[in-house]
Structure formats: C-alpha cells, structure tokens
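All ligand and atom numbering here is 1-based and tracks the order in the structure. All of these numbers come straight from a predicted model, not from anything done at the bench.
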Amino acid sequence: MCYSIPGRVVDIDGRTIIIDYFGEQRRAVNEIKNLRIGDYIYAQGGYVIDAVPAGEAEEVLALWKELFFELQERDQSLSGFTRPSGQTGDRLSRLLERIATGGAEVPEEDLLYFLNLEDEADIAALMQAANHLRHKHLGNSCCIHGILEFSNYCSQACGYCGISAHNKGANRYRMMPEEVVEAACRAINKYGFKALVLQSGEDPAYSIDDLCRIVSGIREREPALIFISCGEVGLNGLQRLYEAGARGLLMRFETGNPRLYEQLHPGRSLDSRLEHLRAAFDMGYLLITGGLIGLPGQTREDVLNDILLTRSLRAEMYSFGPFIPHPGTPLAGAHSPSALEIIKTLSVARIADARDAKIVITTSFETLAEDARRRGLSAGANSVMISLTPDTLRRDYTLYPDRAHSNESLEYQISDVLDLLSDLGRAPTDIGISHADSQLT
Ligand code: 5AD
C-alpha cells in the first residue's frame with residue numbers, strides 16, 4: 001500500500017514488515033538494516049523507502065491526522081453502493097449486489113458480460129460497484145507516481161506508436177544521464193515525489209551501464225522507489241538494473257493476443273515480453289503492466305484476457321489505456337475506442353482483482369476524455385501519474401497526438417491533481433506532506 005505519510009512498524013518477519021497508519025495495517029518489503037518495531041518509515045508501493053526520525057514522523061502525523069479522517073469521510077460518502085434499479089436489467093443488479101457485498105471470485109463469463117455492457121446507466125452501475133470495492137478493500141489512498149520521459153529515440157517499429165522508428169517527422173530528444181539524475185532528484189526533494197518512473201523509447205544510445213549509473217546516481221542522493229521503463233533491456237540488463245537500485249518495472253505487454261502482438265511488433269514476440277515480466281517479478285521487481293484498448297482487430301474477449309493476464313503476472317499496478325492513432329504510423333487511419341470502453345476496463349480490472357490492485361489512469365485516457373481522471377477514479381482506479389519531463393521536451397514525447405498535460409507546468413499539474421483528490425476524498429499519499437498539506441487544507 002502506498003501511504004507515504006509515515007507509518008509505524010508494528011511487526012517484522014524477515015524482509016516482510018507490518019506498518020500501522022492511523023489504525024490501518026499494511027504489509028511492505030523492507031531492505032533497511034536494523035529496523036525495529038516502533039520505528040517510523042516511509043513506504044511506497046509495498047516497499048520501504050526510508051526511515052524517519054520519530055520526532056519528525058510524529059509532527060507530520062499530527063498535521064495529517066485531522067485531514068486524513070476528513071478525506072476518509074468524504075470518500076466514504078461518495079463510495080456507497082445502491083442496488084441498481086430502473087432501466088438496469090435483473091442480471092446486472094443481482095451480479096453487482098453479490099460483488100459489492102460478497103468476497104467470492106467473479107466468474108470470467110460475468111466479467112465478459114460487464115465488458116459487453118452498452119447502456120450508459122448500466123455502465124454507471126458497474127462503475128459504482130467497482131468504486132465501492134476500491135473503497136472497501138483499499139481505502140482512500142491514491143498513488144501519485146512521477147514519470148520522467150528522458151528520451152524519445154526508439155529503435156523499434158511498433159505499429160501504433162508515435163515515437164517508433166516509423167515516425168520520421170518526430171522531433172527527437174535525449175537527456176544526458178546527469179540531467180536525468182538532476183531532474184529526478186529535484187522531483188524527489190523539491191516536489192516530494194516518492195515513486196518515479198524513468199521512461200524512454202528503446203534508445204541504443206544508453207548502454208545498460210548508463211542506465212545503471214542513472215538509477216544508482218538517484219538512489220545515492222535521494223530515497224525513492226524507481227521504476228524503469230525503457231522497453232526490453234534483456235534479463236541480464238534487468239538483473240543489473242535491480243542491483244543498481246531499481247525496484248519497479250513499467251512494461252506493458254500491450255496485447256496478450258499473440259497474433260495481434262506479432263502483427264504490431266515486427267521482430268518481437270509476446271513470449272519474450274512475458275518472459276521479461278516474469279523474470280523481473282522473480283528478481284523482486286514490482287510490476288506495472290497492462291495493454292492498449294481498442295487496437296484494430298482486438299475483441300472484448302482479448303481485453304478480458306489482458307486483465308486476467310495482468311492479474312496472473314501479479315502486477316502491482318494495472319495500466320490500461322486507449323489506443324489513439326498517430327498520423328506518422330501504419331495505424332494512422334484506425335479509430336480510438338470510446339471513453340466508456342476504458343471505464344468498463346478499469347471497473348472490470350477492479351472487480352477481477354478487488355483487494356490488491358492499484359489501477360492507474362493513463363495519460364492516453366486523459367487525452368481521449370477531458371474528465372478521465374475523475375471518472376476513472378470513480379470507477380475503481382486509485383492511481384495517477386504526473387509528467388516530470390521538462391516543459392520544453394514534453395510536447396515532443398508524442399506517443400499519440402495532442403497528449404494531455406503537454407503544455408502544463410509541473411506546479412500546475414500537481415495542484416490540479418491535489419484539488420481533484422481533495423474533491424473526491426482521496427489521500428495523495430505518495431507526494432510529500434508539504435504540498436499535500438498546503439494544497440488540501
Ligand atoms: N496510443 C496509445 N498509447 C500508446 N502507446 C504508444 N503508442 C500509443 C498510441 N498510439 C503506449 C504503449 C507504451 C506506452 C509507453 O505508450 O502502450 O507501452
């Protein structure tokens with residue numbers, strides 16, 4: 001669980017510790033030596049980031065206490081479940097009621113039935129049940145990860161991607177390793193981010209040594225959970241990056257349909273992608289994975305299988321967003337899915353993995369629909385990402401056209417997210433207290 005308000009250690013069993021937050025207990029992996037029961041720590045994404053001196057922790061907790069309960073109450077009032085009536089069908093009411101009140105695993109045929117809903121009132125009822133489950137099992141905590149897109153060069157030719165080798169018109173940029181370390185450390189110490197994703201195309205200009213130096217350069221200066229997201233770096237590369245201090249991998253499998261995968265990723269195979277993900281998990285990485293929704297030729301069965309595949313990979317976080325056609329790619333003439341397809345996917349992911357999943361609102365969904373964050377967070381999702389890429393470069397990270405937040409300053413993005421979370425009663429528990437406190441009260 002990703003509270004980054006300080007928690008108190010209440011149990012230690014080898015690398016696994018139990019942390020208490022205002023009476024709620026969470027489990028996390030600890031690598032800090034000599035940690036003892038009663039100590040205070042910051043944890044993020046199920047991982048202990050840093051120990052906090054008791055005096056400092058108690059001061060922060062005193063600031064948080066009132067606000068924390070206030071937010072919880074607001075979330076509670078927005079997350080009730082009422083059995084759908086009116087134009088909604090009997091099967092839907094029965095299923096949703098069982099899901100909202102019971103704990104049994106939901107059969108695949110019911111999950112597919114949810115993905116096939118078309119009526120807006122039915123989809124609203126599905127969202128409500130998924131949001132209720134999020135609240136019931138995971139409370140009001142919302143992860144905020146920062147993502148630094150440090151290079152848009154890419155050697156791959158993925159059929160949908162605007163920074164792939166297909167797009168001859170892209171303005172390419174790459175940051176120097178020292179610039180990446182500098183920008184990441186600033187995000188941590190100036191803006192209070194605790195979890196960072198370092199993303200790039202598959203850019204051969206950075207060797208594994210370079211990437212390792214970036215990761216260790218950040219970890220030596222600042223405590224943070226670092227996710228790497230630089231495509232397929234090889235199993236040896238993954239191992240070396242873990243040793244350098246990376247603890248998360250953001251890598252979508254894009255589609256779990258092997259035929260579609262191979263059509264869209266020339267020279268690559270789904271098996272190799274999944275091998276990377278599984279090996280990374282075994283090494284100890286936290287995984288963020290998922291896929292694209294609305295690819296030409298993709299069916300709703302495929303989307304369901306992708307949700308189940310994400311679950312079977314034991315992902316820490318689900319990342320599903322719409323395919324948006326880019327004019328510089330072979331799929332230029334294809335169409336995006338509707339926002340409702342994305343909402344249904346987020347809700348079904350929540351229902352399929354009710355207790356544990358973090359589910360992120362992707363920037364692609366925000367590009368497709370203006371109110372994507374609010375709708376997604378009200379449909380079972382509990383995570384957002386903020387782009388830390390320098391303003392002058394961000395607009396060139398053109399995975400798809402007109403990417404949301406391309407022209408917003410980091411300060412604006414942070415305050416916008418915090419306002420929304422406050423409105424929804426969610427605790428922005430991955431960003432430092434100084435901002436959370438000053439913006440939310
Ligand atoms: N539409 C939506 N998402 C895209 N991505 C790449 N191209 C597109 C597109 N046209 C996503 C991929 C990749 C992530 C970095 O960006 O899923 O994993």
Side-chain angles (χ1 to χ4, degrees), residues 145-167 169-170 196-203 227-233 248-257 260-261 263-266 268 270 272-274 276-277 280 287-298 302-303 306-307 309-310 313 315 317-339 341-342 345-346 360-369 372 376 385 387-389 393-394 396-406:
H145 288 49
I147 179 164
L148 180 57
E149 296 129 338
F150 64 90
S151 162
N152 69 355
Y153 281 87
C154 191
S155 57
Q156 297 303 303
C158 306
Y160 45 81
C161 183
I163 65 161
S164 68
H166 291 292
N167 186 7
L196 297 188
V197 179
L198 305 178
Q199 188 171 84
S200 67
E202 292 198 12
D203 181 351
F227 285 78
I228 46 160
S229 184
C230 314
E232 295 186 23
V233 295
L249 172 68
L250 188 167
M251 185 165 80
R252 284 176 163 176
F253 52 77
E254 313 292 357
T255 168
N257 174 329
L260 201 52
Y261 189 95
Q263 269 171 24
L264 293 170
H265 305 96
R268 285 276 165 92
L270 178 62
S272 132
R273 195 77 165 179
L274 296 178
H276 267 77
L277 285 161
L287 301 183
I288 303 180
T289 190
L292 290 158
I293 301 163
L295 288 166
Q298 188 184 45
D302 288 330
V303 174
D306 289 356
I307 293 170
L309 177 57
T310 309
L313 290 166
M317 189 182 289
Y318 288 61
S319 169
F320 280 89
F323 153 67
I324 300 176
H326 189 294
T329 65
L331 293 184
H335 297 286
S336 304
S338 75
E341 290 303 317
I342 315 306
T345 307
L346 300 177
V360 67
I361 310 294
T362 61
T363 311
S364 53
F365 186 27
E366 294 175 60
T367 303
L368 186 75
M385 289 211 185
S387 174
L388 306 171
T389 307
L393 306 178
R394 199 179 319 137
D396 289 329
Y397 203 72
T398 49
L399 300 165
Y400 38 83
D402 303 320
R403 221 161 59 106
H405 312 300
S406 287

N/O donor to acceptor pairs below 3.5 angstrom from side-chain atoms of residues 153-163, sequence neighbours left out:
{"residue": "Ser155", "atom": "OG", "partner": "Glu202", "partner atom": "O", "Å": "3.2"}
{"residue": "Tyr160", "atom": "OH", "partner": "His265", "partner atom": "NE2", "Å": "2.7"}

Arg394 and Ser387: side-chain donor and acceptor closer than 3.5 Å?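 There is such a pair (donor and acceptor under 3.5 Å, judged by atom type) between the side chains of Arg394 and Ser387.
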
Only counting residues at least two apart or in another chain, list the ones meeting ring-ring contact (aromatic ring centres under 6.0 Å, His included) with Phe323.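 Expected list: none.
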
Expected list for residues 328-336: side-chain donor-acceptor pairs under 3.5 angstrom, two or more places apart:
{"residue": "Thr329", "atom": "OG1", "partner": "His326", "partner atom": "O", "Å": "2.7"}
{"residue": "Thr329", "atom": "OG1", "partner": "Leu331", "partner atom": "N", "Å": "3.4"}

Should the pair Glu254-Arg268 be classified as a salt bridge under the 4.0 Å nitrogen-to-oxygen rule?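 Salt bridge: no.
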
Short side-chain to backbone donor-acceptor contact, Thr362 and Phe365, under 3.5 Å: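 Here the side-chain-to-backbone pair exists.
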
For ligand 1, what is the set of protein residues having any non-hydrogen atom at a distance below 4.0 Å?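 Contacts of ligand 1 under 4.0 Å: Tyr160, Cys161, Gln199, Arg252, Glu254, Leu292, Pro322, Phe323, Ile324, Leu399, Tyr400.
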
